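Before any comments, here is the structure.
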2 protein chains.
Amino acid sequence: MTENNDVMPDEMLELIAQRFRLLSDPMRLKILHQLQSGEKSVTELVNNTGASQPNVSKHLSTLRTHGLVKRRQQGNMALFSIAAPFIFDVCEIVCDSMKTEWEQRSSLLGQPN
Amino acid sequence: MTENNDVMPDEMLELIAQRFRLLSDPMRLKILHQLQSGEKSVTELVNNTGASQPNVSKHLSTLRTHGLVKRRQQGNMALFSIAAPFIFDVCEIVCDSMKTEWEQRSSLLGQPN
DNA sequence: TATCAGAATGACGCTGCAGTTATATACCTC
DNA sequence: GAGGTATATAACTGCAGCGTCATTCTGATA
């Protein structure tokens, strides 16, 4: 009665959720979007995002811990770049879904689910 | 100096992040996964997920508000089903990415980014 | 109408986490 | 080594959101 028929262990759900959680913050998306055009230093990201330096560093640390970005030291500074290109595929799907939904709503208009 | 070269308004980032946030909870993923095999009542979901009834209802409400599921009343009960199939495309990509990463780690082993 | 099952809602506590301030560390230049 | 720039980290604060308990609402059935 309380069993889960389909096999989908809680552990895995946890991991998937965790990955989505990484993408569920606007500032992190902003950073990732910045990195899409290529490797960037922390300072560059700070300037381009408008976030504080500690904030950017922390986000980068989080993203790196979970394997979404990689880090390269060059002289005085740290250069970050995308390590998991799948992010953009995912984002594209989500963007498309929003676009589709938007068009549907503005054309049909009304009728809630 | 503080400008964002690439055009990606904060509003949109907020919306995308919001959508990812919906998917960043294990219980919600569990519910969505249950719905993947077809329309389900709240009680069924309660039984299959092991969550409390108010909890399931609340998650369903959230998912519905954001257009991920739809609701149909039948007699005494409410039947929920998937309204945004893109979810599963997204999940598949994430799962694949995890699998790939897992294989790489276990074969190469070591060297952090 | 009374009663019961299914579902939704409100209020509350707790935890996680984004952001800030202050400080520490690393590296380069003089 | 001194001083400056780039980055990381620690401690703290505030808030969003998950889960629970209690309650309410809705529809079916007697």
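Atom set for the values below is all heavy atoms of this structure, side chains included, hydrogens, waters and symmetry mates excluded. Computed from a prediction, not measured in an experiment: that's the story for all the values here. Below, read A as the first sequence line, B as the second, and so on, with proteins coming before strands; counting in each chain starts at 1.
The two residues A:A51 and A:V46 have their closest heavy-atom pair at O-CG1, 3.3 Å. Across every non-hydrogen atom of A:E44 and A:S41, the tightest pair is OE1-N, 2.9 Å. Residues A:C95 and B:I16 share a closest heavy-atom pair of SG-CD1, 3.6 Å. Taking all atoms of both residues into account, the shortest heavy-atom contact from A:A83 to A:K70 is CB-N, 3.8 Å. The shortest heavy-atom contact between B:L23 and B:V90 is CD1-CG1, 4.3 Å. Here the shortest heavy-atom pairing between A:F80 and A:L35 reads O-CD2, 3.4 Å.
Residue pairs meeting the salt bridge (Lys or Arg N to Asp or Glu O under 4.0 Å) criterion with at least one partner in residues 12-25 of chain A, sequence neighbours excluded, are A:R19-B:E101.
Within the 4.0 Å cut-off from OP1 or OP2 of C:dA7, at least one side-chain nitrogen or oxygen of B:T43 is found. Distances shorter than 4.0 Å separate some side-chain N or O of A:H59 from OP1 or OP2 on C:dG19. When the side-chain nitrogen and oxygen atoms of A:R28 are compared with OP1 and OP2 of C:dA18, one or more of them lie within a distance under 4.0 Å. Taking 4.0 angstrom as the limit, A:R71 places none of its side-chain polar atoms (N or O) nearer than this to OP1 or OP2 of D:dT7.
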Readout for nucleotides 21-30 of chain C: B = base within 4.0 Å of protein heavy atom, S = sugar-phosphate only, - = neither; 5' to 3' it is BB---BBS--
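Rounded to whole angstrom, the span from the CG atom of B:L45 across to the C1' atom of C:dA8 amounts to 15 Å. To the nearest angstrom, C1' of C:dT15 lies 14 Å from CD of A:E14. Taking atom CG of A:L63 as the reference point, atom C1' of D:dA8 lies 15 Å away to the nearest angstrom. We find that CG of B:L23 is positioned 12 Å from P of D:dC18, with the value rounded to whole Å. Between the P atom of D:dA28 and the CD atom of B:Q74 lies a distance of 10 Å, rounded to the nearest Å. The separation between B:L79 atom CG and C:dA7 atom P is 8 Å, rounded to whole Å. Remark: C1' of C:dC17 and CG of B:D25 are 15 Å apart, rounded to the nearest angstrom.
Comparing the axis of the opening five pairs of the helix from C:dT1-D:dA30 to C:dC30-D:dG1 with that of the closing five pairs yields an angle of 10°, rounded to 10°.
For A:K58 against D:dT7, a side-chain-to-base donor-acceptor contact under 3.5 Å is absent.
Counting only distance, with no hydrogens or angles, the side chain of B:R28 and the backbone of B:L22 share a donor-acceptor pair below 3.5 Å.
Between A:L60 and A:R21, it is A:L60 whose nearest contact on DNA chain D lies nearer the 5' terminus. Nearest-nucleotide positions on DNA chain D for A:F80 and B:M27 put A:F80 closer to the 5' end.
A heavy-atom distance below 4.5 Å is not found between the side chains of B:R71 and B:L60.
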